[in-house]
Amino acid sequence: MTSRVRFAPSPTGYLHVGSARTALFNWLHARSVGGTFVLRIEDTDAERNRTDLTDSLLAELDWLGLDWDEGPYFQSERRDRHREVAEDLLERGLAYLCDADNREVGGSALVDGLAVRFRMPAGATMDFDDVVRGKVSFATDDLEDFVIWRSNGSPVFLLANAVDDADMGITHAIRGEDLLSGVPKVLLLLDAIGAPRPTYAHLPLLVNEQRKKLSKRRDDVSIGDYRARGYLAEAMVNYLALLGWGPPDDVEVRPLDEIVELFRIEDVNKAAAFFDLKKLEHVNATHLRALSKPDFMERVTPWVGADAPWPTDRFDPGRFSTMVDLVQEKLRTLGDTPRFVDFLFLDEPVDDPDSWEKAMVKGPSAAAMLDGTAVALADCPWETEAILAAVSAVGESLGLKLGKAQASVRVAVTGRTVGPPLFETMAKCMERDEVLRRIARARARL
RNA sequence: GCCCCCAUCGUCCAGCGGCCUAGGACGCCGGCCUUUCACGCCGGUAACACGGGUUCGAAUCCCGUUGGGGGUACCA
């Protein structure tokens with residue numbers, strides 16, 4: 001039988017990293033075994049759902065590259081089927097009507113304003129074999145009757161989820177461990193309606209530094225936010241795959257298709273994983289460096305457009321393109337790009353107090369360096385090597401190695417102590433007059 | 001409280017009875033390279049929670065303890 005999995009988010013917020021990881025593992029399993037990936041929106045709780053959130057959910061999945069084969073199905077459109085099952089269970093006495101105080105009310109047909117609870121059998125044991133956890137067992141005596149149909153006429157998650165999985169022929173339910181304790185109830189429902197039980201795989205939770213389940217309120221978990229900060233989809237997905245799973249050959253940073261090749265749901269481990277931003281950055285930087293020039297240029301566009309920290313009309317695509325060759329390898333996210341090139345498109349170098357303090361105030365012989373450089377650069381050939389030689393010579397005359405010597409010149413021209421290769425930047429992207437003007441301006445400020 | 005789950009370096013992953021004086025990655029700390037930063041390279045730091053078993057032999061199996069987490073809604 002071919003494997004069918006589903007990602008079934010409820011549109012109550014933006015897609016967050018935990019859900020994305022669940023979606024990814026379902027997708028990976030489907031793609032690695034040639035199965036079908038179904039997308040189902042679990043919008044049974046009308047009060048908390050918003051359609052615009054559904055749209056953003058789909059957009060984020062699309063961005064991540066997690067394409068689905070079926071759906072999206074909307075649980076809200078299956079209300080009649082859910083009602084049918086609730087009525088059936090009620091008629092068969094497996095469930096009963098109850099009022100707002102959870103008191104049983106007689107009757108074997110749905111009644112407006114009354115909820116329906118499933119009757120928990122006594123003395124039974126519900127056990128199943130979880131792909132990642134192994135044998136798991138619950139005693140029904142520890143569980144209580146549970147609501148399957150609300151008094152407002154809508155199905156509860158447990159019922160809708162069980163019925164939909166059964167109707168959609170889901171063979172593997174891959175989801176977060178927070179849903180583990182709900183399994184016995186779902187099993188009871190499945191057994192009651194005579195549907196086969198899917199195979200379960202409960203993924204370890206993603207946790208924060210306090211080791212608590214990642215939460216929208218406390219933690220930085222929106223996939224959209226990461227995208228906006230300049231993380232690449234392939235890096236996000238690559239990093240997420242590393243949480244709870246590891247490639248057999250220890251090669252961690254790699255393309256998705258290779259991960260599909262290597263992934264096996266049974267290799268997923270059980271312990272909760274900390275979402276480590278530092279490692280995400282590393283993975284991102286590695287993917288970013290591997291981008292071809294055209295690809296990089298296309299992806300960085302949003303960061304150098306209207307929202308960039310310089311007047312749009314001063315942006316020069318040609319110079320920027322040249323700069324990309326010099327700075328791409330230094331970036332950790334696309335969002336880092338502006339601060340490596342902004343000085344080119346601003347009227348004056350950036351004003352960074354720390355840099356000024358470090359190079360101009362505390363640094364050695366800043367005044368002499370600037371004076372000497374101004375003279376040396378006034379008539380040297382405007383080429384990288386010549387500029388390097390000129391600045392180097394000025395430094396030497398002051399007993400400074402190039403590393404120290406270039407600091408004040410760098411801050412005078414760019415505003416910062418850190419940035420792209422200075423002489424190449426000047427030669428290829430700046431006019432001699434502008435460089436000299438900035439050096440003079442800095443000198444005057446000393 | 002009750003139920004369930006988990007437990008290897010700070011973090012992620014490897015290890016699935018002998019190959020382990022425990023391996024890789026991120027981070028961190030040195031060094032090299034170097035016009036800053038970064039990249040790259042070299043080196044270092046650092047873990048099998050504890051206690052009992054089982055076994056010739058345990059990080060690996062079993063039990064307990066401790067610690068952590070999840071669930072316990074007419075949320076999903």
Side-chain angles (χ1 to χ4, degrees), chain A residues 8-13 19 42-45 47-49 75 98-100 102 114-117 130 132-134 136-139 141-144 146-158 160-161 175-184 202 204-205 207 209-213 239 242-253 267 269-283 285-286 289 326-332 336 340 355 358-359 384 387-388 391-392 395 401-407 409-411 414 416-425:
Chain A
S10 72
T12 55
S19 310
E42 306 220 326
D43 53 352
T44 54
D45 183 11
E47 296 182 8
R48 296 178 55 197
N49 289 318
Q75 208 157 54
C98 79
D99 63 21
N102 288 340
L114 292 182
V116 177
R117 297 185 95 83
D130 189 282
V132 344
R133 281 163 213 274
V136 182
S137 175
F138 293 84
D141 290 345
D142 292 323
L143 273 20
E144 298 178 339
F146 57 98
V147 173
I148 57 176
W149 191 260
R150 297 193 187 91
S151 54
N152 70 2
S154 65
V156 166
F157 160 74
L158 256 5
N161 188 263
R175 51 193 203 166
E177 198 207 322
D178 50 342
L179 297 175
L180 187 61
S181 36
V183 175
H202 286 87
L205 255 22
V207 300
E209 41 286 294
Q210 281 83 237
R211 298 256 121 203
K212 304 263 192 224
K213 180 170 74 159
Y239 175 62
L242 263 18
L243 262 19
W245 177 83
D249 58 6
D250 276 342
V251 178
E252 296 186 318
V253 181
D267 289 340
N269 63 210
K270 315 164 197 258
F274 170 61
F275 186 82
D276 187 355
L277 200 56
K278 286 268 183 52
K279 184 133 184 182
L280 203 214
E281 281 184 3
H282 167 259
V283 174
T286 306
R289 280 195 299 274
L326 305 179
V327 306
Q328 185 177 347
E329 65 175 18
K330 300 174 188 297
L331 310 172
R332 296 185 75 73
D336 289 340
F340 275 93
S355 291
K358 192 175 174 190
T384 303
I387 296 172
L388 184 157
V391 174
S392 189
K401 291 201 168 152
L402 192 49
K404 293 283 186 191
Q406 60 92 44
V409 179
R410 176 182 292 279
V411 171
T414 72
R416 298 193 182 90
T417 53
V418 171
L422 185 60
F423 312 125
E424 211 165 343
T425 300

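Quick note on labels: first sequence line is chain A, next is B, and so on, each numbered from 1.
- In terms of position on RNA chain B, the residue among A/Ala100 and A/Lys279 whose nearest nucleotide sits closer to the 5' end is A/Lys279.
- Computed from coordinates, the A/Lys401 NZ to B/rC33 C1' distance equals 14 Å when rounded to whole Å.
- Spacing between B/rC37 and B/rU21 at atom P, rounded to whole Å, works out to 41 Å.
- The side chain of A/Arg410 lies closest to B/rU36, out of B/rU36, B/rG68, B/rC6.
- Rounded to an integer number of Å, the gap from CZ of A/Phe146 to C1' of B/rU72 is 13 Å.
- Judged purely by atom type and a 3.5 angstrom limit, A/Asp336 uses its side chain to pair as donor or acceptor with the backbone of A/Arg332.
- Here the side chain of A/Lys270 is nearest to one of B/rC12, B/rC6, B/rG24, namely B/rC6.
- If you take CD of A/Glu424 and P of B/rC37, they are 17 Å apart, rounded to a whole angstrom.
- No hydrogens or angles were tested; on distance alone, a donor-acceptor pair under 3.5 Å links the side chain of A/Ser151 to the base of B/rC74.
- Taking atom CG of residue A/Asp130 and atom C1' of nucleotide B/rG70, one finds them 14 Å apart after rounding to whole Å.
- B/rC56 sits 27 Å from B/rA14 when the C1' atoms are compared, rounded to a whole Å.
- The base-pairing partner of B/rA46, taking Watson-Crick or G-U wobble contacts with both distances under 3.5 Å, does not exist among the strands shown.
- Separating the P atom of B/rC62 from that of B/rG68 is a span of 24 Å, rounded to the nearest Å.
- Comparing B/rA25, B/rC74, B/rG10 by their nearest atom to the side chain of A/Ala115 picks out B/rC74.
- Of all nucleotides present, only B/rG31 satisfies the Watson-Crick or G-U wobble test against B/rC41, with each distance under 3.5 Å.
- Note on A/Asn269: every side-chain N or O is 4.0 Å or more away from OP1 and OP2 of B/rC12.
- In the set B/rA76, B/rC2, B/rG70, the nucleotide with an atom closest to the side chain of A/Lys213 is B/rG70.
- Separation of the C1' atoms belonging to B/rC50 and B/rU66 is 7 Å when rounded to the nearest angstrom.
- Look at A/Thr44 and you'll find a side-chain N or O under 4.0 angstrom from OP1 or OP2 of B/rA76.
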* Start with the C-alpha gap between A/Asp267 and A/Val132, add the side-chain angles, then the distance that decides, and say whether side-chain contact (heavy atoms from CB on, under 4.5 Å) holds. => CA-CA 8 Å; A/Asp267 289 340; A/Val132 344; over 6 Å; no
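- Contacts of A/Phe423 with the nucleic acid, taken as non-hydrogen atoms under 4.0 Å apart, include base atoms.
- Rounded to the nearest Å, the gap between the C1' atom of B/rG31 and that of B/rC12 is 27 Å.
- Residue A/Lys278 has its side chain nearest to B/rC26 when only B/rC26, B/rU11, B/rU35 are considered.
- The same atom, C1', is picked in B/rC13 and in B/rC4; the two are 26 Å apart, to the nearest Å.
- Using a 4.0 Å cut-off between charged nitrogen and carboxylate oxygen, A/Glu329 and A/Arg289 do not count as a salt-bridge pair.
- Taking 4.0 angstrom as the limit, A/Arg416 places none of its side-chain polar atoms (N or O) nearer than this to OP1 or OP2 of B/rU36.
- For B/rG51, the paired nucleotide is B/rC63, the pair qualifying as Watson-Crick or G-U wobble because both relevant distances are below 3.5 Å.
- With salt bridges taken as basic N to acidic carboxylate O contacts below 4.0 Å, one links A/Glu177 and A/Arg133.
- Of the listed nucleotides (B/rC12, B/rC26, B/rA7), B/rC12 has the atom at the smallest distance from the side chain of A/Phe274.
- B/rA76 atom P lies 10 Å from atom CG of A/Asn161, rounded to whole Å.
- In the set B/rC12, B/rG23, B/rC4, the nucleotide with an atom closest to the side chain of A/Val136 is B/rC4.
- Under the Watson-Crick and G-U wobble criteria, each requiring two contacts below 3.5 Å, nucleotide B/rU36 is left unpaired.
- Taking atom C1' on both B/rG27 and B/rC9, the two are 11 Å apart, rounded to the nearest angstrom.
- The residue among A/Gly246 and A/Leu205 whose nearest nucleotide of RNA chain B lies closer to the 5′ end is A/Gly246.
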* To do: Report the C-alpha distance between A/Val156 and A/Phe146 in whole Å, list the side-chain angles of each, state the deciding distance to 0.1 Å, and finish with yes or no for side-chain contact (heavy atoms from CB on, under 4.5 Å).
  => CA-CA 10 Å; A/Val156 166; A/Phe146 57 98; over 6 Å; no
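- Atom pair A/Leu179:CG and B/rA73:P shows a separation of 15 Å (rounding to whole Å applied).
- Rounded to a whole Å, the CG atom of A/Leu422 is 7 Å from the C1' atom of B/rU35.
- Side chain of A/Gln406, nearest nucleotide from B/rC39, B/rG71, B/rU36: B/rU36.
- With B/rC74, B/rC5, B/rA25 as the candidates, the nucleotide lying closest to the side chain of A/Asn102 is B/rC74.
- The nearest whole Å value for the distance from the CG atom in A/Leu180 to the P atom in B/rG71 is 11 Å.
- Heavy atoms of A/Ser137 sit under 4.0 angstrom from primed sugar atoms or phosphate atoms, though from no base atom.
- In this entry B/rG1 has B/rU72 as its Watson-Crick or G-U wobble partner, both defining distances falling under 3.5 Å.
- An OP1 or OP2 oxygen of B/rG69 is reached within less than 4.0 angstrom by a side-chain nitrogen or oxygen of A/Lys212.
- As rounded to the nearest Å, B/rU45 and B/rA22 have C1' atoms that lie 16 Å from one another.
- The side chain of A/Glu177 lies closest to B/rG69 when the candidates are B/rC12, B/rG69, B/rC74.
- Pairing of B/rA25, defined by two Watson-Crick or G-U wobble distances under 3.5 Å, is identified with B/rU11.
- Note on A/Trp245: only backbone sugar-phosphate atoms sit closer than 4.0 angstrom, heavy atoms only; bases stay farther off.
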